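The shown structure was predicted, so the numbers you read here are calculated from the model rather than taken from an experiment.
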Amino acid sequence: MSRAEISHDASAGFDAVKQSAERIAAFLPPGAAPRIALVLGSGLGSYADALSDAKGIDYGEIGFPRSGVVGHAGRLVYGRAGKTASSPGVEVLLMQGRVHTYEGHSMQTVVLPVRALIMAGCKTVVLTNAAGGVGAGLEAGDLVLLRDHLNLMGDSPLRGHNDDRLGPRFPDMTEVYDAKLRAIAEQVAAKLSIRLKSGVYAGLLGPQYETPSEVRMLRGLGADLVGMSTVPEAIVARHMGAKVLGMSCVSNLAAGMSGQPLSHEEVTETANRVRATFIKLLDGIMAELVSVC
Ligand code: HPA
């Protein structure tokens with residue numbers, strides 16, 4: 001099969017993941033063994049610029065689907081995060097952008113990259129996104145650590161035949177977002193004087209933003225944040241036994257909360273505004289993860 005022809009058909013799930021994992025391994029510099037994967041959401045891809053010894057590869061070369069959404073570059077970058085004069089930093093594989101189910105991709109396709117990164121050796125997956133703020137007290141620009149999620153996408157990436165080589169049929173979801181990793185993130189934020197809140201992320205299919213009534217419903221269900229990504233990736237990461245850390249940038253208050261209509265421009269503008277803080281926090285977290293990942 002030529003490079004361009006990797007199948008994303010559900011029946012080819014394991015083989016497609018394995019093929020991508022092998023291509024990732026071939027792309028890595030000799031001796032590299034990154035154990036942390038980072039998925040950067042809308043407008044947050046520039047964290048790649050903060051890496052040392054960085055090297056990138058186009059998604060097409062490793063069988064990853066490409067997003068047509070503005071703010072999703074479509075490159076996998078290997079590099080060292082948190083490198084200083086006294087520390088070699090930590091090796092990471094960083095995804096600049098992701099695809100979403102609302103673009104018409106199957107759940108299988110959406111989660112292929114995260115599965116491949118885990119198969120390629122990453123034991124920890126850090127998922128970031130831009131999200132609407134639903135919970136009281138949240139403001140645009142807030143950074144929020146995910147402590148749990150609500151899967152309201154009407155589908156699961158695990159629906160269909162379960163391939164036992166990936167994980168169990170009925171995986172436990174009691175602690176999707178690792179408590180130890182969350183504690184580390186909170187300590188780092190405190191040390192850097194960055195305000196980091198904590199919240200529950202509701203994953204919806206989109207692509208339309210919610211109605212004010214839907215936002216009220218979400219609040220009633222216990223959601224603090226709403227978005228269109230992250231949940232499928234978190235589910236497959238736990239299915240494969242990887243640890244997950246999730247972080248949202250509140251790009252806007254959810255529909256009906258600010259008196260303004262929502263737009264994707266607002267989402268990317270807010271991400272741009274908090275980029276420097278977000279990068280500082282991520283870098284600090286990466287440096288601390290060296291010891292636990
Ligand atoms: N709703 C859903 N997804 C989003 C939002 C929102 O308000 N903002 C960014 N992603």
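When atom types are taken as modelled, the side chain of R238 and the backbone of P171 share no donor-acceptor pair closer than 3.5 angstrom. In this structure, the side chain of E61 does not engage the main chain of D58 through any donor-acceptor pair within 3.5 Å. With T128 contributing its side chain and V39 its backbone, the two residues share a donor-acceptor pair below 3.5 Å. Using modelled atom types, no side-chain atom of D283 and backbone atom of A287 make a donor-acceptor pair closer than 3.5 Å. Within the 3.5 Å criterion, the main-chain N or O of A255 finds no donor-acceptor partner in the side chain of E210. A donor-acceptor pair is defined here as one N or O able to donate and one able to accept, closer than 3.5 Å; such a pair exists between the side chain of E103 and the backbone of H100.
Here M286 pairs with I36, L38, Y47, A81, V90, V92, V126, L282, L289 under the side-chain contact (heavy atoms from CB on, under 4.5 Å) rule; sequence neighbours left out. Taking the ring-ring contact (aromatic ring centres under 6.0 Å, His included) definition, one finds that H149 meets it with Y177, sequence neighbours left out. For E269, there are no salt bridge (charged side-chain N to carboxylate O under 4.0 Å, His left out) partners at least two apart in sequence or on another chain. Every side-chain contact (heavy atoms from CB on, under 4.5 Å) that P29 has, sequence neighbours left out, goes to A32, K55, Y78. Qualifying salt bridge (charged side-chain N to carboxylate O under 4.0 Å, His left out) partners for E233, counting only residues two or more places apart in sequence or in other chains: R98. By the side-chain contact (heavy atoms from CB on, under 4.5 Å) test, S156 pairs with L158, sequence neighbours left out. A search for ring-ring contact (aromatic ring centres under 6.0 Å, His included) contacts involving Y59 returns F64, not counting sequence neighbours.
Of all non-hydrogen atoms in A21 and A116, the two that sit nearest each other are CB-O, 3.6 Å. Contact between L40 and A48 at its shortest, heavy atoms only, is CD1-N, 4.4 Å. Looking at every heavy atom in both residues, G167 comes nearest to N162 through O-ND2, 2.9 Å. Closest heavy-atom contact between G256 and P212: CA-CG, 4.0 Å. Of all the heavy atoms in S198 and V144, the pair that sits closest is C-CG1, 3.6 Å. Across all their heavy atoms, V111 and P157 have their closest contact at CG1-CB, 3.7 Å.
Atoms CG and CG, from L262 and N252 in turn, are 5.0 Å apart once rounded to the nearest 0.5 Å. Taken to the nearest 0.5 Å, the CG atom of L205 stands 5.0 Å off from the OG1 atom of T101. Between the CD atom of E265 and the OG atom of S251 there is a distance of 12.0 Å, given to the nearest 0.5 Å. Rounded to the nearest 0.5 Å, atoms CG (L145) and CD1 (I184) are 11.0 Å apart. In this structure, CZ in F14 is found 4.0 Å from CE in M119, a value given to the nearest 0.5 Å. A distance of 8.0 Å separates OH of Y102 from OG of S229, quoted to the nearest 0.5 Å.
You'll find the side chain of L93 reaches within 4.5 Å of the side chain of L76, heavy atoms only. In this structure, I279 and D49 have side chains that are not in contact, with every pair of non-hydrogen atoms separated by 4.5 Å or more. Side-chain contact between V176 and V231 is absent, with no heavy atoms from C-beta onward closer than 4.5 Å. The closest side-chain heavy-atom distance from I235 to M173 is below 4.5 Å. Side-chain contact between M153 and M107 is present, with heavy atoms from C-beta onward closer than 4.5 Å. Between V244 and L181 the shortest side-chain heavy-atom distance does not fall below 4.5 Å. Using a 4.5 Å cut-off on side-chain heavy atoms (C-beta onward), L138 and V134 make no contact. Two residues are said to be in side-chain contact when any heavy atoms from C-beta on lie closer than 4.5 Å; L127 and L146 fail this criterion.
Hydrophobic clustering places L192 together with M247 (ILVMFWY residues linked when any side-chain heavy atoms are closer than 4.5 Å, directly or through intermediates). There is no path of hydrophobic side-chain contacts, each under 4.5 Å, that joins Y201 to M217. Residue V200 is grouped with residue L253 when hydrophobic side chains (ILVMFWY) are merged at heavy-atom distances under 4.5 angstrom, including chains of intermediate members. Cluster annotation: M257 and L225 are assigned to distinct hydrophobic clusters (Ile/Leu/Val/Met/Phe/Trp/Tyr, side-chain heavy-atom contacts under 4.5 Å, transitive). When hydrophobic clusters are built by joining Ile, Leu, Val, Met, Phe, Trp and Tyr residues whose side-chain heavy atoms come closer than 4.5 Å, directly or via intermediates, V250 is not grouped with L150.
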Check the pair V215 / V226 against side-chain contact (heavy atoms from CB on, under 4.5 Å), numbers first and verdict last. CA-CA 8 Å; V215 170; V226 59; 5.5 Å; no
Stepwise, does the salt bridge (Lys or Arg N to Asp or Glu O under 4.0 Å) test hold for D163 with R165? CA-CA 5 Å; D163 194 316; R165 292 171 293 180; 2.8 Å; yes
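Within the structure, the side chain to side chain donor-acceptor pair (under 3.5 Å) test picks out the following pairs touching residues 113-124 (sequence neighbours left out): Q108-R115. A side chain to side chain donor-acceptor pair (under 3.5 Å) check over residues 215-228, counting only residues at least two apart or in different chains, returns the pairs S213-R216. Listed by first and then second residue, the ring-ring contact (aromatic ring centres under 6.0 Å, His included) pairs that reach into residues 269-293 come to none, sequence neighbours excluded. Residue pairs meeting the salt bridge (charged side-chain N to carboxylate O under 4.0 Å, His left out) criterion with at least one partner in residues 183-208, sequence neighbours excluded, are D142-R195, D142-K197, K191-E288. The ring-ring contact (aromatic ring centres under 6.0 Å, His included) pairs that include a residue from residues 111-130 number zero, where partners must be two or more places apart or lie in different chains.
Side chains of N129 and T230: a donor on one and an acceptor on the other come within 3.5 Å.
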